[in-house]
Protein chains: 2
Amino acid sequence: MVSFNHNAPSPWEIPGVQTRQRRSRLIDFVRVRGFASLDDLVRELGVSESTIRRDLDALEEQGTAKRTHGGVLYAGSHARLPEFDERQPAHWAAKRAIAAAAAERIDDGETVLLDGGTTTYEVARLLVGRSIQVVTNSLPVANLFASESRADLVLLGGYVSPRTGVCLGPYANELLGRLHVTTTVLSAAGITAEGLYNAHLLLAETEQAMLRAAGQVFVVADSSKFGRKSLTFVSGLDSIDLLVSDTGLSTEWRQQIAAAGVDLVVVEPAPNEPLDGNHDSHRDDHSKPSRERHT
Amino acid sequence: MVSFNHNAPSPWEIPGVQTRQRRSRLIDFVRVRGFASLDDLVRELGVSESTIRRDLDALEEQGTAKRTHGGVLYAGSHARLPEFDERQPAHWAAKRAIAAAAAERIDDGETVLLDGGTTTYEVARLLVGRSIQVVTNSLPVANLFASESRADLVLLGGYVSPRTGVCLGPYANELLGRLHVTTTVLSAAGITAEGLYNAHLLLAETEQAMLRAAGQVFVVADSSKFGRKSLTFVSGLDSIDLLVSDTGLSTEWRQQIAAAGVDLVVVEPAPNEPLDGNHDSHRDDHSKPSRERHT
DNA sequence: GCCCGAGCGAACGAAAACGATCATTTCTGG
DNA sequence: CCAGAAATGATCGTTTTCGTTCGCTCGGGC
């Protein structure tokens with residue numbers, strides 16, 4: 001028995017049972033697909049377009065779904081890590097190119113240890129679909145491989161940093177102490193002649209453990225990181241086997257890196273970067289973009 | 001015709017450098033947001049609507065994005081775990097109601113250990129925004145809390161099962177041995193008079209460790225789980241403090257649960273289930289939900 | 001029986017999004 | 001330097017979608 005007939009302005013329109021069930025089904029549908037068009041929902045729920053619209057209005061007001069012209073988006077708890085939202089396009093082009101160069105140097109069958117950080121994340125994206133073993137302390141990276149059947153995934157545990165989504169703390173370090181990987185891909189907040197710096201005290205310890213666990217160490221860092229220190233010292237340059245950066249790196253730095261005995265790979269940010277993970281037909285170098293010859 | 005190649009679609013028009021960069025930025029934008037309207041993209045990229053449409057056509061053909069009327073969806077590798085995609089609407093209504101009842105019985109400030117599983121995931125969703133400490137071995141659950149500043153998150157490490165996204169293995173168990181939580185919320189693949197069963201051998205061990213780490217144990221399981229065994233035995237009913245299920249549970253089972261000394265909460269699936277976790281939008285004006293569309 | 005509210009479906013004008021076309025600018029290559 | 005191709009931005013007619021309104025049915029309470 002629903003008690004109605006309030007003279008006060010009722011705070012909550014209580015829908016009937018059927019309506020509620022339908023809306024529940026609707027949001028289930030949207031949640032699974034991420035997006036659904038009006039037609040999809042009409043077909044799925046077997047009611048008229050008007051009813052769907054009304055449901056959508058209600059659900060949007062409730063905050064569960066977000067309407068768009070032509071459909072609905074699921075709005076329930078989207079985990080967004082701030083660090084990954086701040087995109088500086090220029091840097092991203094560099095990060096991408098750097099990531100591509102690093103990913104190329106990882107062979108199938110390897111065990112790769114991936115650090116947190118956006119550049120490392122790009123490396124991870126390029127490794128999705130490859131037959132490798134992945135060890136990481138980064139939640140976003142883990143998500144990339146979680147549903148991958150071709151790759152094995154080992155996640156380091158511990159306290160999860162809300163800002164960056166990486167696992168920190170003694171547990172992660174302890175687990176790392178018992179692992180050995182062929183390659184570690186590390187990021188850095190700053191690089192000087194003395195070595196790598198990072199912004200998080202606990203993360204520095206974890207990264208030191210990562211260095212100890214690795215057969216070889218790749219460091220990916222765009223040129224803006226050079227000459228900058230950060231909160232804590234992580235490691236000297238001598239621990240690094242390969243450093244990948246972009247062409248913004250000055251000659252002085254290149255010499256300094258070489259002097260430290262570190263292999264250096266410098267990539268061009270913009271030009272010959274394949275659009276996305278899809279390496280399509282043209283695999284050849286089109287530094288001289290030979291278009292179709294015209295008569 | 002001259003070109004007699006069997007490449008049905010045209011051999012990839014190679015776009016210029018600028019176009020490629022812009023499209024790269026575009027898909028970055030879409031990837032981060034999951035969805036973007038035409039207007040969003042015009043504003044973000046600073047080009048005309050026509051250009052955006054052309055880019056979208058190209059990207060859709062490439063398979064990177066999926067157009068919808070009014071915007072774009074990211075179509076790249078979305079980490080979807082199979083288990084969470086199988087939607088059985090009836091069961092989901094029950095899972096949801098069960099989850100709500102379990103979440104109600106967790107107080108702010110508690111340390112909660114959350115198992116993997118879809119019902120547990122629903123519990124986790126309802127806990128987002130609360131001031132609690134969360135410990136979990138489930139990647140999907142961890143994602144819910146990763147960007148939450150109000151909740152502390154501890155992730156158990158180990159080998160990640162591709163199908164369910166939970167961390168397994170000795171490392172997870174070992175870490176659990178050193179933790180103590182106020183409440184453990186556990187799921188089960190089957191429940192008999194003897195106790196809980198689960199479908200994964202390693203997971204059973206992890207869950208046993210979870211039981212040992214807990215002050216009190218909640219088990220969430222819809223009525224279809226009762227009377228079913230699964231691969232491995234996890235624990236007897238005596239380890240459980242509270243069992244939450246739905247009204248589909250037969251009287252015999254209710255008696256049996258009670259006889260085992262387990263508190264039982266039975267919830268009605270469809271009727272009085274608050275649709276989603278958001279209880280906050282109490283408005284006293286139910287006029288048209290005029291959603292603003294600022295051009 | 002009668003009233004009344006809730007919910008649904010259909011219809012219609014308004015607003016938007018779409019695709020196609022075309023003129024202009026930019027880039028490339030000879 | 002010139003020519004042609006590529007890319008862009010604007011316009012326009014068409015299609016889709018949106019929001020509103022109206023009539024209808026179903027149930028419960030009086």
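Chain letters run A, B, ... following the sequence lines, proteins first and then strands; every chain starts at 1.
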Q: Using heavy atoms to find the nearest nucleotide of DNA chain D for B:D55 and A:E49 separately, return the residue whose nucleotide is more 5′.
A: B:D55

**Q.** Whole angstrom value for the distance that separates P of C:dA17 from CG of B:D39
**A.** 6 Å

Q: Please round to the nearest 0.5 Å and tell me the distance separating atom CZ of A:F226 and atom CG of A:D246.
A: 8.5 Å

**Q.** Modelled atom types, side-chain donor and acceptor of B:D222 and B:S224, under 3.5 Å
**A.** yes

Q. Can you name the salt bridge (charged side-chain N to carboxylate O under 4.0 Å, His left out) partners of A:K66, sequence neighbours left out?
A. none

Q: Rounded to the nearest angstrom, tell me the gap between atom CD in B:E61 and atom P in C:dG19.
A: 13 Å

**Q.** Value in whole Å for how far the P atom of D:dA6 lies from CZ of B:R23
**A.** 13 Å

**Q.** Gap between atoms CD1 and P, on B:I52 and C:dG19 respectively (whole Å)
**A.** 14 Å

(Q) Below the 4.0 Å mark, does D:dT17 have OP1 or OP2 next to a side-chain nitrogen or oxygen of A:H69? (A) no

**Q.** Sequence-distant partners of A:D40, salt bridge (charged side-chain N to carboxylate O under 4.0 Å, His left out), two or more places apart
**A.** A:R33, A:R43

Q | B:T51 side-chain proximity, nearest of C:dG7, D:dG9, C:dG9 | A | D:dG9

(Q) What is the distance, to the nearest angstrom, from the CG atom on A:L38 to the P atom on C:dG9? (A) 14 Å

Q.
If we ignore hydrogens and angles and just use 3.5 Å, is the side chain of B:R254 paired with the main-chain N or O of B:L249 as donor and acceptor?
A. yes

Q | Nearest-neighbour nucleotide for the A:R53 side chain, D:dA7, D:dC18, C:dG7 considered | A | D:dC18

Q) Between A:S245 and A:A221, is there a donor-acceptor pair closer than 3.5 Å when you use the side chain of the first and the backbone of the second? A) yes

Q) Looking for any heavy atom pair under 4.0 Å, which part of the strands does A:S37 touch: base, sugar-phosphate only, or nothing? A) nothing

Q: Return the nearest nucleotide to the side chain of B:R67; candidates are D:dA7, C:dG19, C:dA17.
A: C:dG19

Pick out the pairs of N or O atoms, protein on one side and nucleotides 10-12 of chain C on the other, that lie under 3.5 Å.
unit_1, atom_1, unit_2, atom_2, d
C:dA10, N7, A:S50, OG, 3.3
C:dA10, N6, A:S50, OG, 3.3

Q. B:L56 has an atom CG; how far is it from atom P of D:dA7, in whole Å?
A. 16 Å

Q.
Is there a side-chain contact between A:V244 and A:T119 in this structure, where contact means two heavy atoms from C-beta onward sitting under 4.5 Å apart?
A. no

